[in-house]
Amino acid sequence: MPTLANKLLGKPLVLFLLGLLLIAAVAAYSVVSIQRYSTLLDQSGQVDDRLVELTRLDDGQLTVSQLRSQVAGIVEAERGLVRQQSQAASQQARDSIAIVALGILLSLAVLGLLAFAISRETTRRAKAEDDLNALSTELEDRIKLRTGQLRKKEARLSSILAASPDALIVVGTNGNIAFASDRLQDIFGYAPSEIIGKPIETLMPRRFRHGHSGHLRHFLDDPKAREMGAGLQLFAARKDGSEFPVEISLNPETEGEDLSVVAAIRDVSDRAAVMESLREATNKAKMAELSKSEFLANMSHELRTPMNGVIGFTDLLLSSELNQEQKYHLQLIAESGQSMLVLLNSILDLAKIESGKLKAEHAPFNIQDTIGSSSRLMRVAAEQKGLKLNLKIDSDVPQHVMGDEYRTKQVLTNIVGNAIKFTASGWVSISAAAVGAAGDRKIEITITDTGIGIDRTRQKEIFDEFVQADSSVVRCFGGSGLGLTISQRLLEVLGGGISCESEPGKGTSFVITLPLIEADPLSAGSSCHIDKKQQPDKVARNARILVAEDHDINRVLITALLKQLGYHPDIAEDGAEAIEKIEQAIDDEDPYSIILMDLQMPNVDGMEATRKLRQLGVTNEALPIIAVTAHAYQEDIKACHAAGMQDHLGKPIIKDDLGKVLEKWLPVPTEAEQVRV
């Protein structure tokens, strides 16, 4: 404010100084006038002195007339001086009065201006003081408001820090702790006052302290929010020295030119314990799943082995001389065996899918032939119930596609079989068409029947495990309730899907969709499915066959089947004996033509025996090896090929399947070697 006052007083002060200068001028003029008056007085004195001198000279030397003349001159001179003095005095009086009046006016003006300036300055100062007071009051109110807000924020921050599961600390560039939240004591055992000012390494296990300064420098060189040790397990140390797992989040904080690091430290001991429990539970579950898979695989083998005997010997008996009643009973046994085999395959398929071990093939195959083959396989069952089985494949369905032929046929056979099973009269139709735009084409296969139908409320549930549309279905038609579940899961593996539309009493329509990826016809394998009625007569060949089988019943069965086909095999009870007999036959220059090798055998199993034979130089051209086993999955077949086997024959062994395999791999016989069976 002094600067403002100086500005306000500047102009009146100049006027005041001018007034003083004017008064000084008046005073100087008065002094000059007085000096002039003094000069006139001096001149008057000189006249008087001359008169005196004349008087003194009046010694008779002057005449009276001369005297009178001089006196008159002197008197006239005095009168002139008096007039001059009077005029000078009057002029001086007038000038003095004017100057005094002017000085008074100027002084009054100066005083008025000073009074006005002082009044205005006083008013301005009062207003400025009022403004300052108002501003001071406003600032005080703002400070109070801001202080209240800061206190609220501080209280909120304190509440957040208290509620946070993390301990928050601030570390300076020197590596010392500048701040610690109260949560630190709960996690580390240190009170904040104990830890502030100490190096951050205090909270770390000794084995990690030596390299931490480098990590701090690295963060300060590139300060940004991050997770410390992302992907690594971090550990901290409590006051008592015990270690525990933590998660740490880092964030830079800048105050002026000072940089510090804010670290949020979370104790994850409980989570680590839970994760460890989950890992243990997961490992146990995996072990249980592995055990289940191994159990199912073993059970598959163990169940298929006796079923091989039941179904195989039943087929043998059915081809023998029997009366009608015996043949009927044997047919029931054969059908029961086939039903057991279907159920066993379904359970094993479901277990395989659940364990994630079922993988789809991606190879070229003839989709039209696969659909037609499924229809032909089920035609006999449809005719036995008096049903018409219709098949229609649109012309826009390509012949060769990429996919899994075996699983596709399995799904189609399952759905068509269900349609036939649940239809008492009428028809079952299979239709196929290509749908969708280019780039997203699909094959849509629709299986429609005139069967019992499914209630709308139950249509979604029928795809669940062991669920059928109605309890009466089990009583009337039987079944395990796994067919649709497995079909849906298989289609998911194949990249397709299945949907259902049905109305009770009017029939059901299942729509199967499969991805349509066309394949080169030249690369697609020829799928020649020939009906039994069209098969040529089998001929026996002069071929040496070795059967490696450890199970007594299976040895008897396969020997009987081979004899019916016109062959007389040799027997080896395990892989080791099979290798010995093959080597001996080569030495005797009478080698075997083909080996039927069981996979699970004591001492040396079929896989190991095959690998050893190939290592010994026995080529697949010289000696084809056919796997004969209860393991019938695609990966099992792949494993057989990888071991050096040429084909796969699943148990239970069917005589026709056995004959096809022998015809495929045995050398073409000469006319002399052909003997009609």
Side-chain angles (χ1 to χ4, degrees), residues 143 145-283:
I143 290 171
L145 178 62
R146 186 61 177 165
T147 302
Q149 291 176 344
L150 289 174
R151 286 176 178 172
K152 288 182 180 179
K153 288 184 178 180
E154 185 178 355
R156 182 181 300 174
L157 180 60
S158 298
S159 300
I160 292 172
L161 291 176
S164 173
D166 303 339
L168 298 178
I169 62 172
V170 179
V171 182
T173 55
N174 58 359
N176 293 336
I177 299 173
F179 168 83
S181 65
D182 293 337
R183 181 69 175 148
L184 187 81
Q185 186 164 10
D186 298 331
I187 296 177
F188 287 88
Y190 291 101
S193 58
E194 292 182 84
I195 204 68
I196 291 176
K198 292 186 178 180
I200 183 61
E201 287 83 4
T202 306
L203 303 178
M204 300 171 59
R206 293 185 179 277
R207 55 196 173 104
F208 298 127
R209 293 180 182 179
H210 64 281
H212 184 261
S213 58
H215 295 304
L216 179 60
R217 286 194 302 273
H218 177 70
F219 180 83
L220 294 175
D221 290 339
D222 183 22
K224 60 183 178 181
R226 68 185 70 173
E227 295 290 328
M228 182 176 175
L232 300 175
Q233 180 65 69
L234 303 178
F235 291 91
R238 296 187 179 90
K239 186 177 181 179
D240 59 8
S242 60
E243 295 184 11
F244 62 100
V246 293
E247 286 181 353
I248 302 176
S249 299
L250 303 178
N251 199 56
E253 181 188 37
T254 304
E255 184 176 352
E257 296 182 355
D258 295 331
L259 177 65
S260 55
V261 183
V262 179
I265 306 173
R266 176 172 296 184
D267 182 357
V268 293
S269 301
D270 294 340
R271 188 198 307 172
V274 171
M275 292 300 294
E276 183 62 28
S277 299
L278 287 175
R279 277 193 293 269
E280 291 180 0
T282 302
N283 291 334

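Sequential numbering from 1 along the given sequence is applied to the chain's residues.
Checking side-chain atoms of S181 against main-chain N and O of L168 turns up a donor-acceptor pair under 3.5 Å.
Under a cut-off of 6.0 angstrom, the local environment of CG in D270 is sparse, with at most 12 non-hydrogen atoms contributed by other residues, nucleotides or ligands. A 6.0 Å sphere centred on CZ of R207 holds more than 12 heavy atoms belonging to other residues, nucleotides or ligands. The number of heavy atoms from other shown groups lying within 6.0 Å of CZ (R279) is above 12.
To the nearest 0.5 Å, atom CE of residue M204 and atom CD of residue E243 are 10.5 Å apart. Distance CZ/F235 to OG/S242: 12.0 Å, rounded to 0.5 Å. Rounding to the nearest 0.5 Å gives a distance of 6.0 Å between CZ of R209 and OG1 of T202.
Of all heavy-atom pairs between D166 and R183, the closest is O-CG, 3.3 Å. The two atoms that bring G189 and K239 nearest to each other are O-CD, 3.4 Å, heavy atoms only. In this structure, S260 and G172 approach most closely via the heavy-atom pair CB-CA, 4.2 Å. Scanning all heavy atoms of the two residues, the minimum distance from P252 to L259 falls at CB-CD1, 4.2 Å. The nearest pair of heavy atoms linking A263 to I248 is CB-CG2, 4.3 Å.
Side-chain contact between V246 and I187 is absent, with no heavy atoms from C-beta onward closer than 4.5 Å.
Each of L184, N176, I200 was compared with I195 under the side chain to side chain contact (heavy atoms under 4.5 Å, CB included) criterion, and only L184 meets it.
Taking the charged nitrogens against the carboxylate oxygens, R238 and D267 do have a contact shorter than 4.0 Å, which makes a salt bridge.
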Assess the residue pair L203 and Y190 against the criterion (side chain to side chain contact (heavy atoms under 4.5 Å, CB included)); give the C-alpha distance rounded to whole Å, side-chain angles, the decisive distance to 0.1 Å, and a yes or no. CA-CA 9 Å; L203 303 178; Y190 291 101; 3.8 Å; yes
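Classified by interplanar angle (parallel below 30°, tilted 30° to 60°, perpendicular above 60°), the ring pair F188/F244 is perpendicular.
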